[in-house]
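This report concerns only the one structure given below.
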Amino acid sequence: MSLLMASVLITAPMSVLNSPEKSVILSNNPVQQSTQNNLSQVVSPAEITPPEFVQPDITTSSAIKNKYENILRKSRDKIQFISSPNLPKLKDTQPVTEVVQNQENTEELSQSPHLSDSDNPMSQVTSVSQFQDVEPSDWAFGALQSLVERYGCIAGYADGNYLGNRSISRYEFAAGLNACLEKINDAIANNKINTVNNEDLVLLQRLQGEFKAELQQLHQRVEAVENRTTELQSNQFSTTTRLFGQAIFSVQGTNSPDVDLFPRDGVPERQGKTNLTFTSSAQLTLATSFTGQDLLLTGLSAGNLGSNASLLSTNMGRLGFESNTDNNLVISDLSYRFLASKNLGIVVGTAGVNPINTFRGISPLEGSSDGAISLFGQRNPILSIGNGSGGIGFDWQISDRISLQGVYSAEIPSFPGDSKQGGLFGGRYTAGAQLSLAPTNNIDVGVHYLYSHSPDGLLGGGIGDSQLISPFADPTAFNTQAIGASVAWRINPNLQLGGWGGFTSSKSSHLSGSVETTNWMVFAAFPNLLRPGNLGGVLVGQPPKITSSTLPDGFNFPNFSDGGTAGGRNDTSIHVEVFYRTQLSENIALTPGLFVIFNPDHNSANDALIVGTLRATFRF
């Protein structure tokens with residue numbers, strides 16, 4: 001498959017969606033909430049961690065086919081003999097593009113722990129001569145070559161020659177002899193050959209006797225392949241669908257910082273506090289291909305790790321692998337991806353279609369199960385604006401080094417009620433594009449632009465200053481334009497540097513003035529740290545911060561506790577994070593991590609917030 005399918009249509013890695021964090025400062029006005037009471041039963045799609053895929057090596061053949069066709073590759077690579085009823089074609093039971101790490105399956109059947117001694121060629125060796133190659137000077141060599149010339153029973157090599165003047169192994173020779181025997185028998189049965197002279201019959205019988213052991217082993221190996229293939233086909237889940245799963249166990253906790261919730265006098269009024277918790281989440285993904293050039297993703301998720309924002313009076317301590325469904329099974333992804341042309345891919349779906357899953361990932365630390373532990377450390381926060389779920393997107397591979405992605409996504413596209421709260425073109429929605437560049441083989445750049453509509457003054461990013469107006473003001477619709485860029489530089493296989501920056505400008509539909517925010521992050525990634533497959537990460541950045549708010553008095557959020565006058569945040573929060581993912585096995589990873597927020601909620605009167613976690617990831 002093309003790079004288009006590899007990097008976009010499969011959306012690897014798929015990462016946690018950011019939930020729209022409600023203000024930690026609650027309003028007495030019920031309309032101020034991001035959803036109406038009649039939406040309370042709707043699980044926000046961004047509260048769910050969608051199923052994640054392993055970094056893919058895209059191939060056009062299935063792992064099953066590779067594994068069992070390699071069994072006969074030893075004899076088939078050099079002798080392209082004609083197919084026969086005893087050598088059935090192995091049906092490719094997996095046409096869908098692979099979305100798991102491609103593993104080479106070059107082991108011989110004799111190495112399989114499931115085979116008996118009778119399947120092992122070495123168990124049939126009765127003479128030292130059976131280890132010897134067949135030389136061009138041997139009688140058998142010339143005998144088979146004469147049969148090939150008279151009956152055309154072996155296709156030969158690509159240049160039209162068979163054997164030539166080199167020695168071959170007895171098993172390679174036996175494979176050619178078997179093909180010749182079947183070709184002659186088939187020709188006689190179908191009256192394609194009128195007579196076979198007695199000398200040739202005697203020659204065939206002699207060859208069969210000389211290579212009896214090798215022919216028996218060849219037939220046993222073919223029979224074993226047929227039996228294993230039949231067993232796989234009878235027990236396989238589906239000929240068009242593959243199942244992938246992931247489970248996360250985590251332990252997390254925070255300190256108990258003093259919080260200045262109403263920043264007028266710089267005196268903390270309350271204390272943030274969370275218990276040490278042990279939580280879990282699980283995701284199952286069904287990847288279905290109908291043509292080999294498409295992919296239907298069906299994701300099912302359940303979990304019990306929710307946001308700690310309400311307990312800490314800030315959303316800056318959120319984790320990147322939150323999945324809060326109260327352990328109820330929900331559909332986290334239902335999207336169909338296909339190629340409209342060689343270089344253009346389309347994705348459409350009711351869940352799992354948003355900028356995060358449509359734009360090509362730039363940061364090597366992205367991934368809710370195996371990347372940074374914090375939500376802010378996952379990616380540029382402007383990509384989460386609008387909290388989109390369902391819609392349509394595309395990926396256009398313009399050239400080898402340039403591609404363009406675009407998406408339109410609505411937060412609750414299935415909601416049939418008030419158009420101000422939901423629907424395909426109502427409620428919160430986002431349209432955006434990303435220009436992905438690879439100026440060199442070691443540098444990746446993504447330039448982002450998004451336009452988003454919010455019915456209630458919440459950006460829906462879920463981190464930092466995502467609330468645009470005072471909690472004491474009437475809800476107001478805002479239109480936001482966001483621009484940003486992300487970059488990653490692979491200095492060597494064990495060190496990558498990068499970062500991102502973002503800017504938003506929001507204007508109210510009914511008020512004068514605007515609200516502007518900025519965010520930035522720099523990071524260092526250490527792949528294969530201490531051991532191949534491990535990953536270390538260090539991140540330092542500023543969560544989204546309102547730098548300017550010029551709305552009418554009473555509506556500005558930074559000074560909401562002091563009359564809502566115009567102005568931006570006076571202080572700046574700094575996010576510092578370290579984590580280390582150790583790969584215990586191919587399917588199990590353990591990630592301890594810690595991050596500290598200095599001046600949480602952009603308020604120097606607040607104590608530093610410390611969040612620690614231990615994340616265990618199981619993939620199957």
### D444/R490 under salt bridge (Lys or Arg N to Asp or Glu O under 4.0 Å): CA gap, chis, key distance, verdict
CA-CA 9 Å; D444 294 318; R490 292 178 294 278; 2.6 Å; yes

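- Here the two rings, on Y408 and F425, have centers that are under 6.0 Å apart.
- Rounded to the nearest 0.5 Å, atoms CD1 (I331) and OG (S389) are 10.5 Å apart.
- Side-chain atoms of N599 and R569 include no donor-acceptor pair closer than 3.5 Å.
- The closest donor-acceptor contact from the side chain of S573 to the backbone of H602 lies under 3.5 Å.
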### Task
Begin from the C-alpha positions of N479 and H453 and carry the test side chain to side chain donor-acceptor pair (under 3.5 Å) through to its verdict.
CA-CA 5 Å; N479 295 315; H453 174 77; 2.7 Å; yes

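- Under the 3.5 Å distance criterion, the side-chain polar atoms of N308 are left unmatched by any main-chain donor or acceptor of L311.
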#### Entry: Test side chain to side chain donor-acceptor pair (under 3.5 Å) applied to S335 and R337, step by step
CA-CA 7 Å; S335 58; R337 302 148 193 267; 3.1 Å; yes

### Message
Could you walk me through whether R615 and S369 satisfy the side chain to side chain donor-acceptor pair (under 3.5 Å) test, starting with their C-alpha distance in whole Å, then the side-chain angles of each, then the deciding distance to 0.1 Å, before giving a yes or no?
### Response
CA-CA 8 Å; R615 178 185 64 199; S369 65; over 6 Å; no

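- Counting all heavy atoms, side chain and backbone alike, L312 lies closest to K273 at CD2-N, 4.1 Å.
- Interatomic distance, Q246 CD to D370 CG, rounded to the nearest 0.5 Å: 7.5 Å.
- R428 CZ to N387 CG: the interatomic distance, rounded to the nearest 0.5 Å, is 7.0 Å.
- Interatomic distance, T274 OG1 to N255 CG, rounded to the nearest 0.5 Å: 8.0 Å.
- With no hydrogens or angles considered, a side-chain donor-acceptor pair links S549 and N556 at under 3.5 Å.
- Residue L459 holds its CG atom at 4.0 Å from CG of L468, rounded to the nearest 0.5 Å.
- The backbone N or O of S436 lies less than 3.5 Å from no partner atom in the side chain of Q434, so there is not a single donor-acceptor pair.
- Separating the CE atom in M316 from the CG atom in D465 is a distance of 6.0 Å, to the nearest 0.5 Å.
- Between Y429 and Y451, the ring planes lie tilted relative to each other; the angle falls in the 30° to 60° range.
- For F620 and F244, the gap between ring centers reaches or exceeds 6.0 Å.
- In terms of modelled atom types and a separation under 3.5 Å, the side chain of N603 and the main chain of D260 share a donor-acceptor contact.
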#### Entry: T504 vs T517, side chain to side chain donor-acceptor pair (under 3.5 Å): CA-CA, chis, key distance, verdict
CA-CA 5 Å; T504 70; T517 74; 2.4 Å; yes

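- Within the 4.5 Å cutoff, the side chain of I546 has heavy atoms near those of the V515 side chain.
- In terms of modelled atom types and a separation under 3.5 Å, the side chain of R318 and the main chain of S307 share no donor-acceptor contact.
- Counting only heavy atoms from C-beta outward, the side chains of Q481 and L450 never approach each other to under 4.5 Å.
- In plain terms, the two heavy atoms of P355 and V407 that are nearest each other are CG-CG1, 3.8 Å.
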